[in-house]
Amino acid sequence: MSLLPLNRLQYSTIEEQGPGARRNPANAVLVAAVATVVATVGVASYNLGAAHTANSLQLFTPVQTVSTAARPVASLPLRQTVGRSAVGTSAPLAASGSGAYAPEAVALPQATSQINSGVWSIVGFGSVITAALLFVWNRMQGKQTVAMAATTANKEGFEMQREGVKKAAADTILTPRFYTTDFDECAQIFSKEFNEHLDMKELEAVRDEFVKDYNQNHFVRNDNFKAAASWVDGDSRKIFVEFLERSCTAEFSGFLLYKELGRRLKEINPVVADIFTLMSRDEARHAGFLNKTMSDFDLALDLGFLTKHREYTFFKPKFIFYATYLSEKIGYWRYITIYRHLQKNPEQQFSPLFQYFENWCQDENRHGDFFSAILKTQPKMLQGWDSKLWCRFFCHSVYITMYLNDHQRSAFYEQCGLNTTEFNQHVIRETNNTTARIFPAVPNVNAPDYFPKMDQLVVLNNKLAEIGANGSPAALQNVQKAPIIAQMVGIMLDLMWATPIECGTLDREETPKLEYV
């Protein structure tokens, strides 16, 4: 699972607590002072068109190595099961390094405050977006929010926490994050006493589907992983490791959140608690499998350390449901698109990891379907102008985040034989069509000017990256970045207020007319 990194929307009303949580009052004051000015610039740009240029968590994974004769990965049929055998689901995982895994007891921090989800005016909404952007761009100065020991660099230039363990990537606007939520509100949402809309038969059917555990024997490694790691070198090696790290962190984030929800809801609604626990099982498998693949490159993440020291971001349950549904569905379309492409072009498959994507993406799809079922038990989350506004906001946030992030790492997709722009546009269109089945409104991504504006954001984002790497003093860089950020805000607001597609299933009788490209 990969939740959107644009998660500081409500930073000014959040009290983050627990290990790793950090707040900078000076930043908050600076953002509050500048937000109104830049929001005004953004809104003006939009109007004039000037901007258009845990108590105790047991971390586990069922990774098992099966010896097979190493041979070129490209020679392995994508549908062939290579050296797989039955594997259980209780092998403990914690601080993942080059050695054996061991259980790690961790405590998930709790957040006590809530995000005010009141009525926003247009300018106010733009100001919030601007404040979030200013805050997270300030974080792009390369600050690390995880307390680390002294580090050294390996031959690829990666900073190492210790031998065989990679230092976590710096916390930036686009890095995956760890999340927490209001568990008391979740308890009310899933309580049959407080929520008359709960369809227990549907939820029981979802639980039974997860219990079947279709991928129990799927994530079994073979010797081709280590062999493939030795063939990948140079820039390709570094890009692939970055992909593995980001994916592992995102999956592990989902594991932590789902595991804690399963524990908290056990007495309130055992069926829903079981579902969250079973989903955490899937996410742990994915994270462990990716982390073990990183270890083939003599790198791995210390997931137990990150659990205790990484900063946690608070989202109200409503926003968790929106964002997680989108993240699971967009994850499905990403994995299946890559798999189908490499199935047709096996010579471009440089790692056996991609062979697992077909079954893997079905986990993402099932998780998304569960959150769809949750949203249907909460009509207020799918009805009314404010819900439509939030749904559009989260769609745009997820789409823009993926589009900018992938274009920063287009070399990875080119290495797979994919065109980064075409790949992203396909994934966004398919995700949008899927999301339209449940969200009351979605962006019109097929509008003639939608993707040209996204491409403008890519160009501006590249300029920001160039400024960040030019070696100038931070104060000068901030001055240079300000007009570019203002243009990006204007384009984002333009996308946000463009005419959406009215859709959904609760407050509309007719089926939405969607254009499939």
Side-chain angles (χ1 to χ4, degrees), residues 1-8 20 57 59 61 93 96 108 136 145-146 166 168-181 219 239-261 276 279-294 299-307 310-313 315 319-338 353-354 356-357 360-368 371 394 397-406 408-409 412-413 424 427 431:
M1 178 195 79
S2 180
L3 292 177
L4 68 164
L6 294 175
N7 53 30
R8 291 290 177 179
L57 303 180
L59 315 183
T61 185
L93 170 143
S96 301
L108 190 66
V136 295
T145 60
V146 179
K166 181 185 178 300
D171 193 5
T172 72
I173 188 174
L174 297 177
T175 52
R177 297 175 182 271
F178 290 177
Y179 291 82
T180 186
T181 189
F219 293 96
I239 292 168
F240 187 48
V241 169
E242 289 177 350
F243 167 79
L244 293 172
E245 178 181 0
R246 294 176 59 79
S247 300
C248 177
T249 305
E251 298 283 359
F252 191 66
S253 170
F255 159 71
L256 291 174
L257 180 63
Y258 295 163
K259 186 70 175 180
E260 185 67 3
L261 282 166
F276 276 115
M279 289 200 304
S280 74
R281 170 205 66 194
D282 297 340
E283 300 290 339
R285 280 184 183 150
H286 302 165
F289 199 71
L290 288 161
N291 206 25
K292 189 63 178 176
T293 303
M294 285 184 65
L299 298 162
L301 294 176
D302 187 337
L303 298 178
F305 181 86
L306 288 180
T307 304
R310 188 99 175 187
E311 179 177 337
Y312 286 72
T313 298
F315 262 10
F319 303 135
I320 287 284
F321 298 158
Y322 291 154
T324 309
Y325 171 82
L326 281 164
S327 297
E328 298 287 5
K329 287 300 183 180
I330 207 167
Y332 165 80
W333 282 110
R334 286 172 62 84
Y335 284 140
I336 197 62
T337 302
I338 293 174
L353 178 73
F354 303 120
Y356 295 77
F357 276 13
W360 189 327
C361 73
Q362 296 305 326
D363 283 344
E364 311 291 333
N365 203 30
R366 282 188 285 271
H367 295 181
F371 282 101
F394 276 92
S397 297
V398 171
Y399 299 164
I400 291 172
T401 297
M402 184 189 76
Y403 208 79
L404 297 182
N405 186 35
D406 284 358
Q408 282 187 334
R409 296 162 178 82
F412 168 75
Y413 299 98
N424 273 257
V427 169
T431 303

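The structure presented is a predicted model; accordingly, all values stated were derived computationally and were not measured.
Between Y179 atom OH and L257 atom CG the span is 10.0 Å, to the nearest 0.5 Å. The CZ atom of F394 sits 10.0 Å away from the OG atom of S327 when rounded to the nearest 0.5 Å. From M402, atom CE reaches atom OG of S397 across 13.0 Å, with rounding to the nearest 0.5 Å. A distance of 7.0 Å separates CD of Q408 from CG of L404, quoted to the nearest 0.5 Å. With rounding to the nearest 0.5 Å, the separation of CG in D302 from OG1 in T307 is 8.5 Å. Remark: E283 CD to F276 CZ distance equals 11.5 Å, nearest 0.5 Å.
By the 30° and 60° cut-offs, the orientation of the rings of Y258 relative to F371 is tilted. The aromatic rings of F243 and F240 lie parallel to each other, their planes meeting at an angle below 30°, with 60° marking the opposite boundary.
Using a 4.5 Å cut-off on side-chain heavy atoms (C-beta onward), W360 and D282 make no contact. Side-chain atoms of C248 and L303, non-hydrogen and from C-beta on, do get closer than 4.5 Å to each other. Side-chain contact check for K329 versus N365: some heavy-atom pair is nearer than 4.5 Å. With a 4.5 Å cut-off on side-chain heavy atoms, L244 and L299 do not count as touching. A 4.5 Å side-chain heavy-atom check between V427 and D406 finds every atom pair outside the cut-off. The shortest distance between side-chain heavy atoms of Y332 and T431 does not fall below 4.5 Å. Side-chain contact between R246 and N405 is present, with at least one heavy-atom pair separated by less than 4.5 Å. Counting heavy atoms from C-beta outward, F252 and L290 have side chains that stay 4.5 Å or more apart.
Closest approach of F315 and T181 over heavy atoms only: O-OG1, 2.6 Å. When every heavy atom of G368 is checked against every heavy atom of Y325, the shortest pair comes out as O-CD1, 3.2 Å. Of all non-hydrogen atoms in C361 and I336, the two that sit nearest each other are SG-CD1, 3.7 Å. Closest approach of L326 and Y399 over heavy atoms only: CD2-OH, 4.3 Å.
Side chain of T249 to backbone of E245: a donor-acceptor contact under 3.5 angstrom is found. In this structure a side-chain-to-backbone donor-acceptor pair under 3.5 Å is missing from N291 to A300.
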### Check against side chain to side chain contact (heavy atoms under 4.5 Å, CB included), L306 and F178
CA-CA 9 Å; L306 288 180; F178 290 177; 4.2 Å; yes

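The six-membered or imidazole ring of H286 lies near that of F219, with a centre-to-centre distance under 6.0 Å.
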